[in-house]
Structure formats: structure tokens, C-alpha cells
Amino acid sequence: MTVEEKKDMQSISDRLKKLRECMCKLKIDAYLILSNDFHNSEYVSDYFKCRQYISGFTGSAGSVLVLNKEAGLWTDGRYFLQAEQELKGSGIELFRMEEEGIPTLEEYLKESLPDGARLGVDGRTISVAGYRKLEKKLQEKNITIDLEHDIVGSIWLDRPQMSCEPAWELDLSYTGKPRKEKIAEIQKEIKEKKADCIVISSLDDIAWTLNIRGNDVSCTPVVLSYLIVEKERVCWFVQKEAVCKSLENSLKQDGITIHEYHTIYTYLYKTDCNSIYLDLNRTNMAVYLKAKNSSRKILEGKDVTLLSKAVKNSVEIQNEICAHIKDAVACTKFIYWLKRHVSEGQELSTEPKRYDDSKEKEKYPETEKNQQKKITEISAAEKLEELRQQQEHYLGPSFDTIIGYAHHGAIVHYSAVPDTDLELKPENFVLVDSGGHYLEGTTDITRTIALGELTSEQKHYYTLILKGNIKLASAKFKYGCAGINLDFLAREALWQEGLDYNHGTGHGVGYLLNVHEPPNSFRSRISESGDECVRLEPGMITSNEPGIYFAEKYGIRIENLMVCTEIEKNDFGQFLGFKTLTLVPFERDAIEADELSEAERQWLNEYNAEVWKKINPYLEKEEREWLKIVTAEI
């Protein structure tokens with residue numbers, strides 16, 4: 001352990017000690033620290049990173065439970081290896097969720113706490129659904145849940161300020177539907193549900209409804225706010241400093257009034273609405289308790305905007321096609337650059353072709369500098385970001401870029417830091433998972449790139465993953481199917497060999513919004529949300545990302561985004577399929593062509609032909625020559 005790591009562990013130990021001292025004063029026997037902000041967002045701004053502050057674990061998902069003498073972190077399969085490394089020496093035990101013999105957080109609490117104990121959690125960070133799940137499990141032992149205290153906030157003296165970035169309006173040419181029309185649809189839902197108002201807490205649903213974007217959450221263009229839609233009026237609770245006068249006037253013209261962010265609680269407490277509709281998975285307990293005041297009726301259900309947001313309209317789909325071409329240009333240039341500069345002395349394809357260094361230096365004036373400076377996971381990510389920034393209407397990454405070289409590729413959501421930053425060498429795989437936000441939409445792509453000669457084992461496993469990606473992409477299915485019906489297609493080749501991956505095969509993607517957007521997804525088993533059981537609809541955009549991971553060796557993942565489309569309607573019903581949006585070449589040197597079926601080979605050749613046709617006009621001469629080779633017919 002380095003000196004810096006020892007210092008970090010000491011600070012974690014000090015924080016846990018202070019937390020326990022506060023717990024003792026408040027007579028709280030256990031304290032739960034979630035990853036959430038006040039809106040149950042997947043990614044959160046620095047102000048809300050209480051779980052990271054208290055544990056040192058930097059993954060986006062996980063919960064820390066602190067008792068008087070022990071502490072644990074519960075996280076899912078994406079983060080097992082990362083959490084194991086980051087928790088070393090912290091005194092916090094790792095609990096691998098959904099693994100055999102591992103208790104759930106609720107089971108652990110029930111077993112560890114005595115009758116009549118008190119569990120503390122900040123009521124603004126736990127959803128109503130999450131609270132009820134805890135309450136149900138703990139009621140047998142008469143354990144009470146205290147929602148009043150933000151204990152981590154009380155000991156976090158240098159806590160960052162809450163983000164308050166400027167909000168801005170997204171033009172109709174990108175949204176395809178004016179906010180007035182979206183609000184009218186919500187008000188229609190209010191009447192149908194016999195409610196007086198709907199409270200929307202999820203930031204992406206609010207941004208979509210109002211056709212507004214912001215920058216209050218890292219990699220997610222949303223604004224910290226709440227929205228209350230009533231039969232005759234609409235109230236947006238937002239930090240007023242984030243809203244310029246012209247935007248405020250524009251909102252007023254559409255009947256939307258602005259209120260200060262934190263006054264949501266007072267407004268709900270005093271409102272004359274007697275029947276309030278809430279999504280319990282996305283509404284925090286503090287909001288719920290104010291809404292439930294007195295004898296009001298609470299109507300429970302999914303956010304009414306959830307499905308409308310997930311089903312992209314024709315304008316959004318055409319824009320997304322444009323965004324993916326831009327993104328493909330940046331990613332294709334990056335792969336060429338990476339191979340050219342890391343694989344010195346290596347051929348860039350199976351075809352024996354050498355490249356003129358003098359021409360390369362004219363194209364990339366930084367080449368000589370790069371030859372002196374090692375390319376690492378971090379510097380490669382910086383290069384990819386630089387290439388994306390060259391694309392018109394690029395706004396920023398849709399999540400923190402994952403570049404995992406060799407054994408780091410086996411850590412599903414690996415994040416390089418200076419202490420772990422590996423040099424990329426002309427051998428093994430590097431896994432690159434990245435995405436961008438453009439005015440035309442959001443992208444998410446993973447490519448596993450060979451930097452040198454591969455073993456027959458590596459080629460075989462890469463081909464298995466490619467087969468799974470192709471089978472799902474080329475699926476034709478009856479309307480009414482959900483992601484859980486189709487997930488098998490991506491895993492079949494792996495399962496035949498007794499292999500698998502410990503994450504979902506795909507997630508929904510928002511339009512210039514959350515890169516992980518419910519409800520559409522591909523999963524092999526039913527989750528708590530049940531999103532994988534939601535019917536797939538034409539217009540939904542979903543990722544297709546099978547993978548395989550070998551600890552301490554390498555990881556392979558191939559990810560494209562696809563839009564669900566109508567294929568044909570006949571006497572047997574409506575049949576759907578997918579159009580692949582991502583247009584970036586696969587790793588030619590890792591494909592064992594004889595392991596592909598005729599249908600898989602045909603799909604791959606058609607895909608490669610489209611990549612060549614759509615992307616080559618935007619490349620330089622040497623890049624085009626390389627792309628022509630790697631997209632040639634197999």
C-alpha cells in the first residue's frame with residue numbers, strides 16, 4: 001500500500017469514527033448511506049456523493065451500512081473487482097449482491113440489529129419504494145427508521161456546494177414536440193387517473209417534459225428541480241439563479257410558473273390538491289410525507305412521462321442517426337490513431353500494408369511528441385474526447401469514459417486514476433466504453449481493440465461475443481415481446497460453453513438525457529424494477545452489449561445502440577426488429593470467420609458495408625485506406 005493509499009484509508013477510518021459518534025448521540029444503531037441524490041438519479045453531482053465520501057468507493061451504484069462496530073458496502077456485479085480494490089484497508093466489508101450465500105442489505109439488518117433498534121437514513125435520499133422494502137423486512141423486529149438526519153452532511157465540513165448551472169431550452173427541431181403539447185398530455189392523464197396533480201421528481205422526465213436541459217449532474221444534461229402539474233397550472237421548483245429571464249418568460253408563455261427549489265416541501269404541505277399522483281420509485285420519502293399530509297389520497301404508479309420519453313418520435317430518431325454518424329467518425333479516427341501509435345511495428349490489419357510515417361506526421365503534428373510520451377488509459381481517453389470535440393454540436397461525454405487495458409478490461413465499470421493508469425502496449429486487448437451528448441442525441445458504444453497479436457483463445461471468445469451481438473441485432477419478433485424474451489439471443493453462444501457475464505445485455509438510452517434510461521432493457525432474469533418485462537415499442541433505443549470477463553487477464557465487450565422498428569404486419573400480427581444506429585468497425589483481427597454462421601456473416605458484411613459508406617467520406621486518406629481493409633467483405 002502506497003503512502004497516499006494509507007492516508008486515504010486513515011481518512012476513511014476517521015470519517016467512520018465521527019459518523020459513529022454522531023449515531024451514538026442520536027441513539028441510532030445503524031446508518032444507511034445511499035448513492036442517490038434527492039431525485040433517485042443514477043449519477044449524482046459532487047454535493048450528493050456521501051457514500052463515496054464515507055467509503056472511498058467511486059462506483060455509481062452501491063449502499064453503505066454503518067453499525068457500531070462493522071460496516072458493509074452492497075454493490076452489483078459491474079463493480080465487484082473495483083469495490084474490492086477500493087475498499088482495501090477501509091474496514092468496510094464488500095457484499096456482492098445476488099451472489100449465492102450473500103445476504104441482502106435488508107436481511108443483514110434484520111440479522112444484525114436487536115429488537116427495537118433504530119435505523120437512520122436521510123429521508124431525502126431514499127425512495128418511497130426503497131423505504132417500504134426496508135420497513136417490511138424490519139417490522140418483525142420492531143425496528144424503526146429515522147428519516148430526519150443527514151449525518152454524513154453534518155461531518156462533511158468541506159462538502160461541495162449544490163450544483164446550480166444555467167438551464168437552457170432545447171429547440172423544437174431537436175425535440176419534435178413542444179412542451180405545451182407534452183404538458184397537455186400529462187393533464188389528460190391527471191383527469192384519467194382522477195388525480196388533482198402529478199408530482200414529477202425524476203430529473204430526466206422533467207427535462208424531457210419542459211424541453212429544457214442543464215448541467216447539474218455530471219455527464220447528464222439535467223437541472224435539479226421538481227415539477228408539479230395540476231389540472232390548470234404547472235409549477236417548476238428550481239434554483240432561480242439557474243433560470244435566465246428569457247427562459248423564464250418563455251416558460252410563462254406556456255403557463256409554467258417558477259418557484260424556489262427547496263420550497264417544494266412547503267408547497268406540498270399547503271396545497272389544496274386532495275389527490276396526488278406519485279411514482280414511488282422516483283419520489284423520496286421527504287416529498288412523500290409532505291404530500292401525504294392530513295387526509296390526502298396518494299395515487300401510486302409509474303411516471304406518466306416514462307413511456308412517452310422512451311419512445312422516440314420521428315424527429316428524434318432522424319437526429320439520433322445523425323448523432324451516431326458524428327460519433328462514429330470520432331470513434332473510427334480514435335481506433336485508427338490508437339492502433340497506429342500503440343502498435344508501433346505492428347500491422348494495422350490482416351492485409352500486409354505499411355504506412356508512410358512522414359505523411360502520418362503531417363496529419364498528426366503531435367506524433368513525434370506521442371512517440372516520446374507513453375499512451376496510457378487516461379491519455380487515450382483524453383484523445384477520444386478531443387476527437388469528439390471536433391464534431392459539430394458535441395456537448396460532452398454521456399458518462400465517464402471507460403478504457404480498461406489488459407486485466408483492467410475485466411473490471412466492468414473500471415475507471416482509471418493516476419495510481420492505476422496503465423501504459424497501453426502492443427499486446428492484448430483494450431476495452432473502450434464511451435459515449436457522447438450531441439444536440440442530435442446521446443450515444444453509447446463499446447469496442448474491444450486488439451493492440452497486438454491475439455491468442456486463438458482470445459479470438460474465439462471475441463467471436464462468441466460478436467455472435468451474441470449479431471443475433472440480438474438481427475432478431476425478428478412479435479409485438480408484445482419484452483427484453484427478457486430476447487436476452488437469450490445474446491448469451492446463447494456463451495451459455496453453450498458454460499460461460500456468462502454478470503450484467504444486463506442492454507439498457508434504454510435517452511435523447512440528450514440519461515445514457516441509462518428506463519424502462520426498456522435486455523436482461524436474463526427479472527430485476528426489482530421489472531423493466532426487462534416492459535413491452536418493446538417501435539422508437540425505443542436500447543443498447544446491445546454482451547461481454548465476457550476473465551479476472552487478471554482481459555475483458556471483451558461489444559456494444560451498439562439499436563432502435564426498435566416495425567418490420568411487417570400480416571395475419572399473424574405485427575413483427576418488429578432493430579436498426580443498428582452505431583456505425584463503428586469491429587475488431588477485424590479478432591474475428592474467427594469460420595465460427596460465424598452464414599446468416600451472421602451476411603449481417604456482418606452488410607453492417608461493414610454501411611460503416612464504409614457512411615463514415616469514409618469524413619476520414620483522411622490513410623484512415624480511409626485502413627477502414628476499407630477492416631470493413632472488407634468476409
Side-chain angles (χ1 to χ4, degrees), residues 15 32-64 75 79 86 121-127 130 150-168 170 200-208 210 212-227 236-244 247 258 260-265 282-287 385 395-402 413 415 417 434-437 442 444 510 512-518:
R15 292 167 190 173
L32 178 60
I33 306 149
L34 305 172
S35 301
N36 303 339
D37 58 13
F38 300 158
H39 307 271
N40 206 22
S41 305
E42 178 182 13
Y43 300 115
V44 301
S45 58
D46 290 345
Y47 175 86
F48 295 104
K49 292 182 179 178
C50 293
R51 189 222 60 220
Q52 180 175 325
Y53 173 81
I54 208 71
S55 69
F57 170 61
T58 60
S60 67
S63 302
V64 168
T75 192
Y79 296 108
E86 293 181 341
V121 59
D122 184 347
R124 299 169 299 175
T125 65
I126 186 169
S127 69
D150 174 15
I151 301 180
V152 177
S154 70
I155 65 171
W156 191 355
L157 300 181
D158 58 348
R159 186 175 188 172
Q161 291 294 310
M162 188 178 290
S163 179
C164 184
E165 295 286 325
W168 51 277
L170 188 60
I200 303 177
S201 295
S202 56
L203 303 182
D204 56 321
D205 288 279
I206 295 168
W208 178 86
L210 299 181
I212 281 175
R213 300 295 187 269
N215 192 33
D216 280 338
V217 177
S218 176
C219 300
T220 311
V222 294
V223 182
L224 286 173
S225 58
Y226 298 92
L227 187 68
W236 189 30
F237 296 82
V238 61
Q239 297 175 92
K240 289 188 176 181
E241 300 89 337
V243 184
C244 67
L247 177 56
I258 292 176
E260 189 57 53
Y261 178 67
H262 293 289
T263 63
I264 177 72
Y265 304 103
R282 294 171 161 237
T283 304
N284 70 50
M285 276 299 295
V287 166
E385 176 64 13
L395 301 177
S398 55
F399 57 97
D400 292 332
T401 297
I402 298 166
H413 274 201
S415 179
V417 294
S434 67
H437 289 302
T442 297
D444 183 3
L512 186 49
L513 280 173
N514 295 10
V515 74
H516 299 140
E517 179 182 86

> How about Asn215 and Trp168: do any of their side-chain heavy atoms sit closer than 4.5 Å?
Replying inline: no
> Looking at the rings of Phe237 and His262, which for Trp means the six-membered one, are their centres under 6.0 Å apart?
Replying inline: no
>> With heavy-atom distances below 4.5 Å as the criterion, would you say the side chains of Phe57 and Tyr79 are in contact?
In response: yes
> If we only count heavy atoms from C-beta on, is the Pro221 to His437 side-chain gap below 4.5 Å?
Replying inline: yes
> Which residues pass the side-chain hydrogen bond (donor to acceptor under 3.5 Å, both in side chains) test with Ser434, sequence neighbours left out?
Replying inline: Arg388
> Can you tell me how far CZ of Arg159 sits from SG of Cys50, rounded to the nearest 0.5 angstrom?
Replying inline: 4.0 Å
>> With side chain to side chain contact (heavy atoms under 4.5 Å, CB included) as the criterion, how do Val44 and Asn36 come out once you've worked through the C-alpha distance, each side chain's angles and the decisive distance to 0.1 Å?
In response: CA-CA 7 Å; Val44 301; Asn36 303 339; 5.7 Å; no
> Just wondering, do Asn284 and Thr125 contact through their side chains at under 4.5 Å, heavy atoms?
Replying inline: no
>> So, taking the atom named CG in Leu34 and the one named OG in Ser127, what distance separates them when rounded to the nearest 0.5 Å?
In response: 8.5 Å
> Which atoms form the tightest heavy-atom contact between Leu513 and Ala207, and what is the distance?
Replying inline: CD2-CB, 3.7 Å
>> One pair to check against side chain to side chain donor-acceptor pair (under 3.5 Å): Glu385 and Thr401. What are the steps and the verdict?
In response: CA-CA 9 Å; Glu385 176 64 13; Thr401 297; 5.5 Å; no
> Are any non-hydrogen side-chain atoms of Leu224 and Leu203 less than 4.5 angstrom apart?
Replying inline: yes
> Where is the tightest heavy-atom contact between Gln239 and Glu260, given as atom of each residue plus distance?
Replying inline: CA-OE2, 3.5 Å
> Thinking salt bridges, do Arg124 and Asp37 make one under a 4.0 Å N-O criterion?
Replying inline: no
>> Minimum heavy-atom separation for Ser154 and Ile151, please, with both atom names.
In response: OG-O, 2.5 Å
> What distance separates Tyr53 OH from Ile33 CD1, expressed to the nearest 0.5 Å?
Replying inline: 10.5 Å
> Got Ser398 and Cys219 here, is their nearest side-chain heavy-atom distance under 4.5 Å?
Replying inline: no
> Shortest non-hydrogen contact from Ser201 to His39?
Replying inline: O-ND1, 2.7 Å
> Going through the checks in order, is the side chain to side chain contact (heavy atoms under 4.5 Å, CB included) test met by Tyr265 and Tyr226?
Replying inline: CA-CA 10 Å; Tyr265 304 103; Tyr226 298 92; 3.7 Å; yes
> Hey, what do you get for CG (Asp216) to OH (Tyr261), rounding to the nearest 0.5 Å?
Replying inline: 9.0 Å
> Going by heavy atoms in the side chains, are Ser60 and Tyr43 under 4.5 Å from each other?
Replying inline: yes
>> If I take atom OG1 from residue Thr75 and atom CZ from residue Arg51, how far apart are they, to the nearest 0.5 angstrom?
In response: 7.0 Å
>> Can you list everything that forms a salt bridge (Lys or Arg N to Asp or Glu O under 4.0 Å) with Arg213? Sequence neighbours excluded, please.
In response: none
>> Is there a side chain to side chain contact (heavy atoms under 4.5 Å, CB included) between Val222 and Ile206? Walk through the geometry before answering.
In response: CA-CA 8 Å; Val222 294; Ile206 295 168; over 6 Å; no
> What distance separates Met285 CE from Phe38 CZ, expressed to the nearest 0.5 Å?
Replying inline: 15.0 Å
>> Just so I know, are the side chains of Val64 and Leu32 near enough to count as touching, which here means a heavy-atom distance under 4.5 Å?
In response: no
>> Do the side chains of Asp205 and Arg282 get close enough for a salt bridge, i.e. N-O under 4.0 angstrom?
In response: yes
>> Using side chain to side chain contact (heavy atoms under 4.5 Å, CB included), reason through Ile258 and Val238 one step at a time and then give a plain yes or no.
In response: CA-CA 7 Å; Ile258 292 176; Val238 61; 3.7 Å; yes
